[in-house]
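Any value given below was found using the heavy atoms of this structure, including those in side chains, with hydrogens, waters and symmetry copies removed. Note that ligands are numbered from 1 as they come in the structure, with each ligand's atoms numbered from 1 the same way.
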Amino acid sequence: EAKRQGRGCVRVFDESMDESIRFRRQIEGGLSEAIAKNELKLVFQPIVGRDLDITGFEALIRWCSPEYGMVPPAMFIPIAEESNLIHELGDWVIDEAIDVLKSWPGQYVSVNFSPRQFRRHNFVAHVVERVASAGVEPGRFQIEITETAIFDNVERAAEILFKLRQMGFRIALDDFGTGYSSLYNIRRFALDCLKIDRSFVDGMGRERESAAIVHSVIHLGRALGMEVVAEGVETAAQLEALRIAGCSHMQGYHLSRPVDAEDALVLAEKGSLAPQPEFEVAGT
Ligand code: C2E
Ligand code: MG
Ligand code: MG
Ligand code: MG
């Protein structure tokens, strides 16, 4: 009986494996045609300073598939990352982001690069070529990478980031605090910006630990002349706490959701977000 049961389990497991592999193949297939079929788009989320002045926008990819509906990047980027699709997709994102950026008065665009893109042979030449041929100042192009991208080959990563920064590109470390050897990375790499992962911002009001980490990163960034962006600001209370802590830049649903290119242009021309409702003290 045990044996039969065991076999049954194996069969169920195999079937679900089949299922996930099939799903993966489907996504891969759909994705490989998504560019040509015009199913991809970028949305842009404002990054603001303390006075709600818009300093930049993060470009975030969206796949509107007629078959699967709106597929979130968390679902398809990892699949693209496991095939060569990530390069084609990444190039589309760079070109599209630059195209939109050109009409903004002065803000930068912040583009996410996955580890595989970053490890690509001739990464520097590749990015430089695309940005330069579009006639865009490197200072308006921010490269967002995570610690995962630099972790496996620290020397190569340091060299690449140094070169890019020398040419005037902005470099941001995304999801800061969730990766490895964070302090080492800060010391070793040429960075303009630290993006505090939203899990810490989220925990700020509840846990002493998160609040302490957010405060430390803000001070560290400031002392080293880096911009610190708090990600995932969802409430007026978080915004206020971050301001009190001395945070220089913020991004999150409370300030603005990601918007399409047309609305981003309107915001960029206005230059700042409308003031948020006053911070309400509980009990008053
Ligand atoms: P990320 O780079 O850390 O981007 C921030 C994510 O947080 C975005 O999710 C954004 O919509 C979301 N977000 C912004 N404000 C808030 C908030 O207040 N609360 C909450 N809960 N979420 C907020 P999205 O667009 O789904 O992207 C998820 C991840 O997918 C990104 O995380 C990034 O790692 C990746 N990604 C997105 N676009 C690209 C791309 O063009 N290329 C690459 N390689 N990766 C991308
Ligand atoms: Mg990002
Ligand atoms: Mg992030
Ligand atoms: Mg994050």
**Student:** Check whether more than 12 heavy atoms from other residues, nucleotides or ligands sit under 6.0 Å from atom CD of E207, and answer yes or no.
**Tutor:** yes
**Student:** Relative to ligand 1, is R198 under 4.0 angstrom through side chain, backbone, both or neither, heavy atoms considered?
**Tutor:** side chain
**Student:** Show me which atoms of ligand 1 lie under 4.0 Å from any heavy atom of E231.
**Tutor:** 3 (O)
**Student:** Could E82 and R116 be called an ion pair, given the rule that one side-chain N must be under 4.0 Å from one carboxylate O?
**Tutor:** no
**Student:** Ignoring hydrogens, what is the shortest heavy-atom contact between M226 and I186? Give both atom names and the distance.
**Tutor:** CE-CG2, 3.7 Å
**Student:** Give the C-alpha distance, both sets of side-chain angles, the deciding distance and a yes or no for side-chain contact (heavy atoms from CB on, under 4.5 Å) between L273 and D53.
**Tutor:** CA-CA 7 Å; L273 296 175; D53 50 308; over 6 Å; no
**Student:** Between the side chains of D175 and R198, is the shortest nitrogen-to-carboxylate-oxygen separation below 4.0 Å, so that they form an ion pair?
**Tutor:** no
**Student:** Applying a 4.0 Å heavy-atom criterion (strictly less than), which segment of D174 is in contact with ligand 1: side chain, backbone, both, or neither?
**Tutor:** side chain
**Student:** Below the 3.5 angstrom mark, is there an N/O of Q251, backbone or side chain, next to an N/O of ligand 1?
**Tutor:** no
**Student:** One thing to verify: whether E155 and R188 come together as a salt bridge, which I'm taking to mean a side-chain N less than 4.0 angstrom from a carboxylate O.
**Tutor:** yes
**Student:** Using a 4.0 Å cut-off to any heavy atom of S114, which atoms of ligand 1 qualify?
**Tutor:** 44 (N)
**Student:** Work out which heavy atom in L85 is nearest to a heavy atom in E28; give both atom names and the distance.
**Tutor:** CD1-O, 3.7 Å
**Student:** State if Q117 counts as touching ligand 1 under the rule of any non-hydrogen atom under 4.0 Å.
**Tutor:** yes
**Student:** Do any N/O/S atoms of D175 come under 2.8 Å of the Mg ion (ligand 2)?
**Tutor:** no
**Student:** Could you tell me, atom by atom, which parts of ligand 1 come under 4.0 Å of a heavy atom of Q45?
**Tutor:** 14 (C), 15 (N)
**Student:** Among I61, V111, L40, which residue places a heavy atom closest to atom 40 (C) of ligand 1?
**Tutor:** I61
**Student:** List ligand 1 atoms under 4.0 Å from L60, heavy atoms only on the residue side.
**Tutor:** 4 (O), 8 (C), 10 (C), 11 (O), 25 (O), 37 (C), 38 (N)
**Student:** Give a yes or no on whether a salt bridge exists between R130 and D91, defined as a side-chain N under 4.0 angstrom from a carboxylate O.
**Tutor:** yes
**Student:** If I consider every N, O or S atom in E58, which one ends up closest to the Mg ion (ligand 2)? I only need its name.
**Tutor:** OE2
**Student:** Could you tell me whether K41 and D260 make a salt bridge, using a distance below 4.0 angstrom between a side-chain N and a carboxylate O?
**Tutor:** no
**Student:** Polar-atom distance check: N112 versus ligand 1, any N or O pair below 3.5 Å?
**Tutor:** yes
**Student:** Answer side chain, backbone, both or neither: which part of D175 comes under 4.0 Å from ligand 1, heavy atoms only.
**Tutor:** side chain
**Student:** Quick check for you: with the Mg ion (ligand 2) as the vertex, what angle do OD1 of N112 and OD2 of D174 span, to 10°?
**Tutor:** 90°
**Student:** Answer yes or no for R120 and F123: cation-pi contact, defined as NZ/CZ to six-membered ring centre under 6.0 Å and angle to ring axis within 45°.
**Tutor:** no
**Student:** Would you say P258 touches ligand 1, if touching means a heavy atom closer than 4.0 Å?
**Tutor:** yes
**Student:** Can you list the atoms of ligand 1 that are under 4.0 Å from a heavy atom of V93?
**Tutor:** 41 (O)
**Student:** Return the name of the atom in E144, of element N, O or S, nearest to the Mg ion (ligand 2).
**Tutor:** OE1
**Student:** Have a look at ligand 1 and work out which part of E58, if any, has a heavy atom under 4.0 Å from it: side chain, backbone, both or neither.
**Tutor:** side chain
**Student:** With a cut-off of under 6.0 Å to the ring centre and 45° to the axis, is R170 in cation-pi contact with F141?
**Tutor:** no
**Student:** Identify whether the distance between the nearest side-chain nitrogen and carboxylate oxygen of D202 and R206 falls below 4.0 Å.
**Tutor:** yes
**Student:** For the Mg ion (ligand 3), which N, O or S atom of E231 is at the shortest distance?
**Tutor:** OE2
**Student:** Could you tell me whether ligand 1 has any atom less than 4.0 Å away from a heavy atom of R62?
**Tutor:** yes
